Amino acid sequence: MVLLKGYVTIATVDPWMNMGRTNTTIDPSISNANTWTTHRLSGTQHPCSSRSFTFQRVVEIGRVVMINYGPDAGKLAVVVDIIDHNRALIEGPTTGIARTGYAFRRLTLTPLVVKVPRGAGQAVLKAAIEKQDLAGSWAKTSWAKKIASRAQRAANTDFDRFKLQKYKKLRREIVNKAVKATKA
Amino acid sequence: LKKVKKVNGEIVGINEIHEKKPLQIKNFGIWIRYDSRSGTHNMYKEYRELTRNAAVEACYSDMASRHRARSRSIQIIRVAEVANADVRRPYIKQILVPGIKFPLPHRVIRSADKAHRALFMGSRPSTFY
């Protein structure tokens, strides 16, 4: 069982609990129930110790990942196949990532999934991505919006910063006036 | 088996084996004969790789780590592609399960490049994905 510090793992039936250990025998009859649950032990200092955590972002065929290291950092790709417990075969036909094996260490899972069969070819993958409008649904996520706003702020000219200053001041004045009115 | 030591033989030619389908994941079964500290043994190991060369490299690294066998003590008898149905090792079989999915339980957030590494952090990072 994978024992996380301060956590108690429940739902012990999943064979993927043994990942990383290559000399344990996996019983194929164990159902692949999606029962990833860890309950934080009450009494730890964590502020949300009453919540139960399930892993929502899961490595699977079709999972959209962001490459987080190397020359292609920041680009999205889709998991096309899984090589072993450390690496996946990923491809991003719309973002310019060639089909390669990538370590999970260099990837960040996103909440998006594309419906493709295991080992799908580039054409099938591209069609599925475009049909689902992955670019659109990615742009709607707050993650993508934050990246965009960071990029915009870095690209602001001095005039843009001046305009921003004026707008923020205007907003502040309106808000403060309204607050003062309610206090009076 | 080839019982020639480097000193006694002469390298006539070296050619790299180019993979026919380097983007297709294959299961490689490798038959090895290696010398341990107290005898010589045969082994059969399986690796899931994209190319034959990568499988052999993985094999040498694996033998070095698990059995402390240096490359000079290893003789690779045979490298063969194994079909999914004929895989023998459970650690490979578990990847071949259809509908495979697993989480990554311990997420380490690293900076995208060495220049932006932080030496100190304000608060302890969360490793929940």
Side-chain angles (χ1 to χ4, degrees), chain A residues 2 4-5 7 9 14-28 32 34 36 38 40 46 53-63 67-71 73-74 79-85 87-89 91 98-101 104-109 113 118-119 121-122, chain B residues 19 21-28 43-51 53-55 57-59 61-63 65-67 84-85 87-117 123-129:
Chain A
V2 172
L4 307 170
K5 260 194 238 172
Y7 295 53
T9 39
D14 202 301
W16 303 117
M17 287 288 194
N18 277 313
M19 56 195 162
R21 302 179 201 174
T22 58
N23 51 7
T24 50
T25 313
I26 312 300
D27 184 353
N32 202 2
N34 210 4
W36 289 100
T38 58
R40 293 190 189 228
H46 201 279
F53 289 82
T54 19
F55 289 110
Q56 266 125 18
R57 294 192 203 168
V58 139
V59 173
E60 55 190 322
I61 309 298
R63 172 66 56 176
I67 298 171
N68 61 27
Y69 194 88
V79 172
V80 166
D81 206 341
I82 294 175
I83 302 176
D84 58 22
H85 71 273
R87 290 177 299 157
L89 192 64
E91 186 172 9
R99 184 171 286 227
T100 31
F104 293 127
R105 202 185 133 102
R106 287 201 172 191
L107 302 173
T108 308
L109 307 178
V113 182
R118 186 167 185 165
Q122 186 178 44
Chain B
E19 192 67 24
K21 291 191 173 176
L23 299 176
Q24 187 190 67
I25 304 173
K26 291 152 243 157
N27 312 307
F28 288 98
M43 245 187 210
Y44 168 74
K45 288 187 148 278
E46 282 175 354
Y47 298 96
R48 209 165 135 76
E49 292 283 347
L50 295 169
T51 69
N53 298 348
E57 192 181 328
C59 180
S61 298
D62 194 40
M63 289 302 290
S65 63
R66 292 210 149 86
H67 303 281
N84 283 3
V87 163
R88 282 164 55 180
R89 296 292 182 254
Y91 53 84
I92 302 290
K93 272 199 199 149
Q94 64 176 273
I95 312 282
L96 303 173
V97 166
I100 171 177
K101 53 166 86 170
F102 52 89
L104 301 174
H106 184 62
R107 176 191 196 180
V108 182
I109 300 183
R110 296 182 186 91
S111 58
D113 47 29
K114 277 197 174 175
H116 291 101
R117 282 177 304 183
S123 48
R124 198 181 201 105
S126 162
T127 58
F128 182 70
Y129 222 120

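Here is the naming used below: chain letters follow the sequence lines, and residue numbers restart at 1 for every chain. None of the values given here were measured: they were computed from a predicted structure.
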Side chain, backbone, both or neither: which part of Arg118(A) has a non-hydrogen atom closer than 4.5 Å to chain B?
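Contact with chain B involves the side chain of Arg118(A) alone.
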
Which answer fits Arg105(A), side chain, backbone, both or neither, if we ask what part of it has an atom under 4.5 Å from a heavy atom of chain B?
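Contact with chain B: backbone and side chain both.
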
Can you sort out the partners of Glu57(B) under salt bridge (charged side-chain N to carboxylate O under 4.0 Å, His left out), two or more places apart, ordered by chain and number?
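Glu57(B) satisfies salt bridge (charged side-chain N to carboxylate O under 4.0 Å, His left out) with no residue once adjacent residues are dropped.
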
Select one option (side chain, backbone, both, neither) describing which atoms of Leu23(B) are under 4.5 Å from chain A's heavy atoms.
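Answer is both: backbone and side chain atoms of Leu23(B) are under 4.5 Å from chain A.
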
Select one option (side chain, backbone, both, neither) describing which atoms of Arg89(B) are under 4.5 Å from chain A's heavy atoms.
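Neither the backbone nor the side chain of Arg89(B) comes within 4.5 Å of chain A.
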
Please find the pair of heavy atoms, one from Glu49(B) and one from Ala58(B), that lie closest to each other, and give the distance.
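Between these two residues, the closest heavy atoms are OE2-CB, 3.7 Å.
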
Please report the shortest heavy-atom distance between Tyr129(B) and Arg107(B), naming the atom on each side.
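Residues Tyr129(B) and Arg107(B), closest heavy atoms: CD1-CB, 3.5 Å.
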
Give a yes or no on whether a salt bridge exists between Arg48(B) and Asp84(A), defined as a side-chain N under 4.0 angstrom from a carboxylate O.
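No, Arg48(B) and Asp84(A) are not salt-bridged.
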
Count the heavy-atom pairs under 4.5 Å between each of Asn68(A), Ile61(A), Ile67(A) and chain B, then report the option with the highest count.
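Heavy-atom pairs under 4.5 Å are most numerous for Asn68(A).
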
With chain B as the partner, which of Arg87(A), Glu91(A), Arg106(A), Arg63(A) has the greatest number of non-hydrogen pairs under 4.5 Å?
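Highest number of pairs under 4.5 Å: Arg87(A).
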
Non-neighbouring partners of Ser111(B) that pass side chain to side chain contact (heavy atoms under 4.5 Å, CB included), sequence neighbours left out
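Ser111(B) satisfies side chain to side chain contact (heavy atoms under 4.5 Å, CB included) with His116(B), Arg117(B) only.
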
